[in-house]
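These notes concern the structure reproduced below.
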Amino acid sequence: MSLRFFNTLSRKVEPFVPRDTGKVAMYTCGPTVYARAHIGNFRTFLVSDLLHRYLKYLGYDVTWVMNLTDIDDKTIKGANAEGISLRDYTDKYIALFHEDRKIIGITDATMYPRATEHIPEMVKMVEDLVSAKHAYLVDGSAYFKIDSFPSYGQLARLNMEEMRVGERVASDEYEKEDVRDFALWKNWEEVDGPVAWDTSLGKGRPGWHLECSAMSLKYLGKGFDIHLGGVDLIFPHHQNEIAQTEGVTHEPLARYWVHSEHLLVDGQKMSKSLGNFFTVTDMLEKGWRPREIRYGLLSGHYRQRTNFQASGLDSIKQALARFEACAVNLEHADGKGGLPELRDIVARREQEFRDAMDDDLNYPEALAAVFNFVREANTLCQEHKIGSEERALAVATMKRFDSVLGFLSLDEAVADPEAAEIEALIEVRNEARKSKNWAEADRARDELTARGIILEDRAGKTIWRRK
RNA sequence: GGCGCCGUAGCCAAGUGGUAAGGCGGAGGUCUGCAAAACCUCUAUUCAGCGGUUCGAAUCCGCUCGGCGCCUCCA
């Protein structure tokens with residue numbers, strides 16, 4: 001089987017066939033940079049990261065674009081409240097976004113275009129939409145005319161005729177021909193302060209949806225492969241993107257739409273009032289290590305609401321410790337002759353891994369294959385069948401798995417400030433053990449245990465780790 | 001009102017027509033000075049409940065109960 005995933009357009013799992021053989025062009029709706037992104041946002045970006053990593057694993061040449069929304073109501077409000085320029089304000093949050101995403105191992109996208117750097121492209125698109133009679137200008141603002149686009153509502157499976165129209169329509173949009181029409185360009189208002197662009201459309205700023213249409217078209221072209229985002233963006237954001245782009249190109253914006261479900265924290269939607277609203281930094285402060293955050297955020301299938309439990313840390317630590325133990329076991333293995341057996345195991349488990357990922361990115365099942373591989377590799381170590389050749393194969397296999405999983409390589413080998421002290425105590429204990437002075441040996445162990453250090457006596461060597 | 005999702009062991013979580021993956025936890029065992037880790041065995045006759053379709057259902061259909069999402073700017 002080959003790669004296939006659930007396409008929101010068809011609501012079916014479809015085989016993935018790229019536009020250009022061997023190449024994939026994908027676009028992810030990135031963060032609005034008015035505040036530090038929370039772990040729910042990152043869960044969505046992590047899904048894109050997982051797909052990006054897996055496509056690379058499969059050998060595709062991937063172009064991944066993630067936009068940065070640096071112009072909208074919230075960024076304007078924030079910048080004006082602080083009395084600094086929109087640029088300075090958003091620069092700050094863009095830096096924090098990159099800092100956080102690197103911590104949890106989200107790979108670099110090919111580019112991170114900013115909305116404010118694509119105003120001419122957006123203006124051009126509005127002009128084209130106006131000439132195509134898909135848009136109209138009123139009082140310095142431009143609106144997309146929904147009636148002009150018959151398939152509007154299709155992505156979200158909304159029947160526009162029966163849609164409730166009412167109290168949620170903002171009062172400042174009374175000039176629209178139809179309340180359902182959406183803004184492409186917004187006329188400057190007092191509250192915008194210094195934030196405005198003087199263009200052929202007048203003084204104002206772009207509507208939210210327009211940037212993604214303009215930038216995805218510019219960098220990925222017509223009918224690119226995969227567009228990703230959170231489920232909440234299906235309507236109206238992605239629907240509007242489709243209307244804007246296709247109104248100009250008359251071709252599908254993207255051929256596959258992949259949407260990730262929301263993250264719940266302790267069974268509930270994240271919200272500041274419930275006190276379950278966390279950023280990556282918050283998690284680090286609560287004692288989570290980067291790899292633990294990544295593992296926790298990816299604990300379920302991407303189309304399933306995933307419950308992130310603050311109390312799940314111990315369970316996650318234990319699971320990750322299995323991988324570490326396997327690495328240590330392989331490192332200290334001193335046997336031989338297991339190559340044929342190991343080759344079978346590698347082939348079988350890697351096939352399972354691929355089959356699972358191919359099947360709509362079934363990450364939990366792929367992870368199960370990796371856990372099974374770990375158990376079998378451990379068994380071979382125990383049976384003294386692992387020598388240098390076998391070790392090389394097993395380690396290379398784990399690295400290949402981790403090129404997709406991405407948590408094993410996170411935060412490894414950070415020098416422990418107390419390492420010298422700890423190792424001195426271990427030396428004391430080992431001296432005592434040599435002379436069979438068990439009381440003294442246990443005293444050293446107890447002291448280390450009290451400091452949160454776990455010892456493991458291996459053949460000829462004692463290794464340690466923090467709990 | 002419209003569209004749609006979910007309910008699997010103590011916990012997390014796959015599986016969506018062929019007889020319940022994986023992780024954590026728990027019980028017993030091997031190994032070990034003691035441990036730890038690893039490994040082995042066991043830990044859901046059963047998939048919210050009740051009916052139905054089928055040779056066969058956690059998987060399909062209906063109803064009920066219980067959670068939840070979207071319906072104009074929230075990942």
Side-chain angles (χ1 to χ4, degrees), chain A residues 11 28-32 37-48 69 72-74 146 153 156-166 168-170 173 179-183 207-209 228-237 239-240 259-264 267-271 295-296 299-301 303-309 311-312 314-322 324-326 328-329 352 356 359 362-372 374-383 433 436-439 441-442 445 449 454-458 462-465:
Chain A
R11 308 279 158 135
T28 299
C29 285
T32 299
H38 55 69
I39 55 175
N41 296 318
F42 278 112
R43 144 102 172 159
T44 296
F45 304 146
L46 232 19
V47 169
S48 289
T69 300
D72 82 317
D73 290 351
K74 296 195 204 78
I146 281 173
R157 301 278 153 106
L158 290 176
N159 182 337
M160 298 314 289
E161 301 306 313
E162 292 172 7
M163 235 177 80
R164 270 191 181 180
V165 173
R168 296 183 73 169
V169 176
E173 293 180 336
V179 286
R180 302 167 310 175
D181 291 348
F182 63 90
W208 174 40
H209 317 294
L228 298 102
V231 283
D232 55 329
L233 295 185
I234 295 173
F235 194 89
H237 186 56
Q239 182 62 67
N240 291 352
H259 291 99
S260 53
E261 254 300 345
H262 278 179
L263 181 79
L264 298 179
Q268 289 179 296
K269 191 169 175 173
M270 235 187 310
S271 77
Y295 189 95
S299 69
H301 184 85
R303 279 198 293 120
Q304 210 63 46
R305 269 187 281 264
T306 290
N307 189 16
F308 186 84
Q309 290 193 298
S311 61
D314 285 343
S315 162
I316 290 170
K317 274 184 187 294
Q318 287 305 319
L320 287 170
R322 284 184 70 75
E324 281 168 40
C326 183
V328 173
N329 289 338
E352 288 173 2
D359 185 13
N362 194 333
Y363 176 90
E365 202 166 297
L367 191 58
V370 179
F371 272 111
N372 283 326
V374 164
R375 192 188 62 248
E376 288 158 347
N378 281 332
T379 300
L380 288 178
C381 286
Q382 201 143 310
E383 291 171 346
R433 288 173 68 214
K436 297 201 192 305
N437 183 352
W438 307 129
D442 287 345
R445 174 192 280 284
T449 303
I454 294 169
L455 298 185
E456 291 182 29
D457 293 328
R458 303 241 166 194
T462 299
I463 62 171
W464 63 276
R465 64 189 157 89

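Worth knowing before you read on, the calculation uses all heavy atoms, side chains too, and leaves out hydrogens, waters and symmetry mates. To find a chain, count down the sequence lines: A is the first, B the second, and so on, and within it residues start at 1.
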Atom [atom1] of [X] and atom [atom2] of [N]: how far apart are they, to the nearest Å?
{"X": "A/Asp457", "N": "B/A35", "atom1": "CG", "atom2": "C1'", "answer": "8 Å"}
{"X": "A/Gln239", "N": "B/U72", "atom1": "CD", "atom2": "P", "answer": "13 Å"}
{"X": "A/Ile234", "N": "B/G4", "atom1": "CD1", "atom2": "P", "answer": "13 Å"}
{"X": "A/His262", "N": "B/A75", "atom1": "NE2", "atom2": "C1'", "answer": "5 Å"}
{"X": "A/Leu320", "N": "B/A38", "atom1": "CG", "atom2": "P", "answer": "13 Å"}
{"X": "A/Glu456", "N": "B/A36", "atom1": "CD", "atom2": "C1'", "answer": "5 Å"}
{"X": "A/Arg322", "N": "B/G22", "atom1": "CZ", "atom2": "C1'", "answer": "10 Å"}
{"X": "A/Phe182", "N": "B/C73", "atom1": "CZ", "atom2": "C1'", "answer": "11 Å"}

Looking at [X], does any N or O in its side chain come under 4.0 Å of the phosphate oxygens OP1/OP2 on [N]?
{"X": "A/Lys269", "N": "B/G67", "result": "no"}
{"X": "A/Asn329", "N": "B/A38", "result": "no"}
{"X": "A/Lys436", "N": "B/C34", "result": "no"}

**Message:** Please determine whether a side-chain nitrogen of the Lys or Arg among A/Arg458 and A/Glu456 lies less than 4.0 Å from a carboxylate oxygen of the Asp or Glu.
**Reply:**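 Looking at A/Arg458 and A/Glu456, the cut-off is met.
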Which part of the nucleic acid does [X] contact within heavy-atom distance under 4.0 Å: base, sugar-phosphate only, or nothing?
{"X": "A/Arg11", "value": "nothing"}
{"X": "A/Ile454", "value": "sugar-phosphate"}
{"X": "A/Asp442", "value": "base"}
{"X": "A/Arg433", "value": "base"}
{"X": "A/Ile316", "value": "nothing"}
{"X": "A/Arg445", "value": "base"}

In whole Å, measure the gap between the [atom1] atoms of [N] and [M] for me.
{"N": "B/U8", "M": "B/A48", "atom1": "P", "result": "7 Å"}
{"N": "B/G15", "M": "B/A58", "atom1": "C1'", "result": "9 Å"}
{"N": "B/A44", "M": "B/C11", "atom1": "P", "result": "14 Å"}
{"N": "B/G10", "M": "B/G66", "atom1": "P", "result": "23 Å"}
{"N": "B/G1", "M": "B/G22", "atom1": "P", "result": "45 Å"}
{"N": "B/A27", "M": "B/C65", "atom1": "C1'", "result": "35 Å"}
{"N": "B/U32", "M": "B/C24", "atom1": "P", "result": "24 Å"}
{"N": "B/U41", "M": "B/A21", "atom1": "P", "result": "14 Å"}

**Asked** According to the interplanar angle, ranging from 0 to 90°, do the rings of A/His209 and A/His237 count as parallel (below 30°), tilted (30 to 60°) or perpendicular (above 60°)?
**Response**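 Ring orientation of A/His209 relative to A/His237: tilted.
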Answer whether the closest heavy-atom distance between the side chains of [X] and [Y] falls below 4.5 Å.
{"X": "A/Glu261", "Y": "A/Arg305", "result": "yes"}
{"X": "A/Arg43", "Y": "A/His262", "result": "no"}
{"X": "A/Asp442", "Y": "A/Arg433", "result": "no"}
{"X": "A/Ile234", "Y": "A/Gln239", "result": "no"}
{"X": "A/Ile39", "Y": "A/Leu263", "result": "yes"}
{"X": "A/His301", "Y": "A/Tyr363", "result": "no"}

Polar side-chain atom of [X] near backbone of [Y] as donor-acceptor pair, under 3.5 Å:
{"X": "A/Ser299", "Y": "A/Tyr295", "result": "no"}
{"X": "A/Asn329", "Y": "A/Cys381", "result": "no"}
{"X": "A/His38", "Y": "A/Asn41", "result": "yes"}
{"X": "A/Asn362", "Y": "A/Glu365", "result": "yes"}

**Asked** If you find the nucleotide of RNA chain B closest to A/Arg157 and the one closest to A/His38, which residue's nucleotide is nearer the 5' end?
**Response**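 So the residue in question is A/Arg157.
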**Item:** 5' precedence on RNA chain B between A/Arg303 and A/Trp438 (nearest-nucleotide basis)
**Value:**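 Counting from the 5' end, the first nearest nucleotide belongs to A/Arg303.
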**Item:** Polar side-chain contact A/Arg43-B/A75 base: donor and acceptor under 3.5 Å
**Value:**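 There is none.
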Between the protein and nucleotides 6-15 of chain B, are there any N/O to N/O pairs under 3.5 Å, and if so, what are the atom names and distances?
from	atom 1	to	atom 2	distance (Å)
B/A14	OP1	A/His301	N	2.6
B/A14	O3'	A/Asn362	ND2	3.1
B/A14	O2'	A/Glu365	OE1	2.8
B/G15	OP1	A/Asn362	ND2	3.0

Between [options], spot the one nearest the side chain of [X], thanks.
{"X": "A/Leu158", "options": "B/A75, B/U72, B/G2", "value": "B/G2"}
{"X": "A/Ala319", "options": "B/U72, B/A38, B/G23", "value": "B/G23"}
{"X": "A/Gln382", "options": "B/C39, B/C73, B/A75", "value": "B/C39"}
{"X": "A/Asn372", "options": "B/A75, B/G22, B/U72", "value": "B/G22"}
{"X": "A/Asp232", "options": "B/G23, B/U72, B/A75", "value": "B/A75"}

**Stems involving RNA chain B, each a run of at least 3 consecutive Watson-Crick or G-U pairs under 3.5 Å** =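 Ordered by first number, the stems with RNA chain B (at least 3 consecutive pairs each) read B:1-7 with B:65-71, B:10-12 with B:22-24, B:25-30 with B:38-43, B:48-52 with B:60-64.
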